[in-house]
There are 2 protein chains.
Amino acid sequence: MSNAWQQEVLAEIKAGGRISDGDIVRQVRRAVLAQRLPPGTRLPEVTLGEVFGVSRSVVRKALTRLASEYVVDQRPNQVARVRSPDVDETRQTFAARRLVEGELAALTAGTLPSTVLLQIEDRADRERQAFLANDEPSRIEHSLAIHHLLAEHSPNRVLGTMLTDLILRTSIVIALYKRQGLGSCYLEGDHHRLLEHLRSGDAAASRNDIEHHLDSLMGLLDLGPRDSRIDLKSILGGEG
Amino acid sequence: MSNAWQQEVLAEIKAGGRISDGDIVRQVRRAVLAQRLPPGTRLPEVTLGEVFGVSRSVVRKALTRLASEYVVDQRPNQVARVRSPDVDETRQTFAARRLVEGELAALTAGTLPSTVLLQIEDRADRERQAFLANDEPSRIEHSLAIHHLLAEHSPNRVLGTMLTDLILRTSIVIALYKRQGLGSCYLEGDHHRLLEHLRSGDAAASRNDIEHHLDSLMGLLDLGPRDSRIDLKSILGGEG
DNA sequence: GCCACCACTGGTGTATACATATGATGCGCC
DNA sequence: GGCGCATCATATGTATACACCAGTGGTGGC
């Protein structure tokens with residue numbers, strides 16, 4: 001487990017009060033998304049417990065939840081490891097999100113209160129600014145916020161929750177398979193265009209915006225035969 | 001907790017060897033589906049542990065998993081209870097399953113090996129027989145098996161897993177909201193028709209079959225204003 | 001020199017004890 | 001008689017101890 005990450009976690013812990021399993025889940029999620037915990041990283045219960053200052057009971061619950069989110073791999077009698085989805089799963093995850101988020105956009109078009117629309121607009125503006133300032137972490141944060149707003153305020157809570165999960169999973173594989181040398185996954189105008197169609201209530205156009213957006217996003221990934229090399233590395237390298 | 005159920009569980013335990021959290025998950029799922037554990041039923045950890053002959057550690061893990069499947073409601077410092085989805089969630093769950101299973105049927109059409117097609121055909125035949133014999137539990141088992149086969153053998157494993165979850169959730173609400181006095185939710189011919197379209201590779205027709213099937217199924221439910229009475233009952237009655 | 005076996009270490013699986021929160025009950029006061 | 005508060009029973013939250021399992025390295029036999 002990375003030491004830098006450990007330091008950061010400790011800092012956050014000092015600030016807050018007691019640590020619950022939910023906190024651990026959030027922290028690990030964030031670290032995996034930011035690739036501070038690369039795929040294959042071992043996550044022993046005792047070590048995590050020491051890092052967070054809690055006992056194995058709490059850690060176990062957190063790991064179980066992370067496993068149900070497909071963030072870590074938990075096998076009987078073996079240490080939990082950060083999951084490493086292969087290219088097939090990546091394509092399938094994108095296809096699933098395309099279906100769910102497209103439908104959700106169509107369902108949601110024309111139903112959002114102006115407060116939410118303004119939140120989305122604000123995020124889209126700040127995403128563009130972050131992109132221009134070359135601040136990729138901030139850009140990602142704002143981009144994710146837009147999609148999460150759509151998930152949270154959709155009229156179908158069941159599909160909304162499913163989308164929340166899929167956003168996480170796609171974010172992980174984007175971080176994993178982003179084409180080398182590509183500074184940002186920003187798609188100029190996509191979010192603003194979607195916003196206008198959501199505002200005007202054009203369901204078909206909104207669905208189309210989402211589908212096109214996700215297709216473009218997946219197009220920025222490197223899903224070629226390189227995957228065999230990755231699998232090999234994770235098998236041979238171990239610690240990554 | 002129902003005593004009859006306790007007896008049945010004990011019987012199954014005697015037969016098998018040791019009990020793991022997965023076994024508990026399966027048993028509780030089954031009991032909820034069969035309404036042997038009605039919504040609102042309290043599921044204290046110690047009691048469950050005594051029933052299954054294991055300690056709270058195992059039970060806790062099982063309950064966490066059941067909560068992530070939306071079968072039970074787990075709130076901090078309170079006993080876990082069997083969840084009771086309201087009519088809104090019921091409609092949304094059906095809408096979600098309609099979307100996912102429709103897409104999956106379209107994706108899967110024409111790709112299934114003949115062994116799987118024969119399994120589906122066998123289940124459809126036996127479902128009809130069970131219906132004619134008025135054996136509703138068997139009919140439900142075969143019906144579920146068909147949809148699970150579709151989920152398991154679809155080319156998209158991510159969507160397939162999502163469908164597996166949605167089948168469970170819709171089954172629960174079907175048991176909950178089935179119109180009183182309705183003996184069976186059998187829809188004559190639906191599964192055989194779907195089978196033929198899957199076999200011939202007609203994606204559009206397969207999707208249409210699924211969507212029509214689920215619409216008809218939801219039509220058999222009683223989702224009227226009666227729900228207010230149900231909520232009232234569960235609030236006032238407590239033990240249900 | 002190579003293969004099989006064995007002990008060891010690191011880690012999870014499970015049970016249990018203690019701390020703490022929550023809902024119910026019954027008493028006393030108003 | 002009704003309302004509020006103390007008290008208790010019940011159940012969960014957390015930590016910890018012990019048993020078991022898996023991978024690993026070394027060692028002895030062949």
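Values below: every heavy atom of this structure, side chains too, minus hydrogens, waters and symmetry copies. Convention: sequence-line order gives letters A, B, ...; per-chain numbering from 1. Computed from a predicted model, the values in this text were never measured in an experiment.
- A:L48 has its CG atom 11 Å from the P atom of C:dG11, to the nearest Å.
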In B/S/- notation (B base, S sugar-phosphate only, - none; protein heavy atoms under 4.0 Å), nucleotides 12-20 of chain D written 5' to 3' is BBBBBB---
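- Take B:L163 and apply the side chain to side chain contact (heavy atoms under 4.5 Å, CB included) test, not counting sequence neighbours, and it matches B:R97, B:V100, B:E101, B:L104, B:A151, B:I167.
- With sequence neighbours left out, B:E152 forms a salt bridge (charged side-chain N to carboxylate O under 4.0 Å, His left out) with no residue at all.
- Distance A:R81 CZ to D:dA22 P: 15 Å, rounded to the nearest Å.
- Residue pairs meeting the salt bridge (charged side-chain N to carboxylate O under 4.0 Å, His left out) criterion with at least one member in residues 63-74 of chain B, sequence neighbours excluded, are B:D21-B:R65, B:R29-B:E69, B:D73-B:R75.
- Sorted by first then second residue, the salt bridge (charged side-chain N to carboxylate O under 4.0 Å, His left out) pairs that include residues 163-176 of chain B, not counting sequence neighbours, are B:E89-B:R169.
- B:H191 meets the ring-ring contact (aromatic ring centres under 6.0 Å, His included) test with B:H147, B:H213; sequence neighbours excluded.
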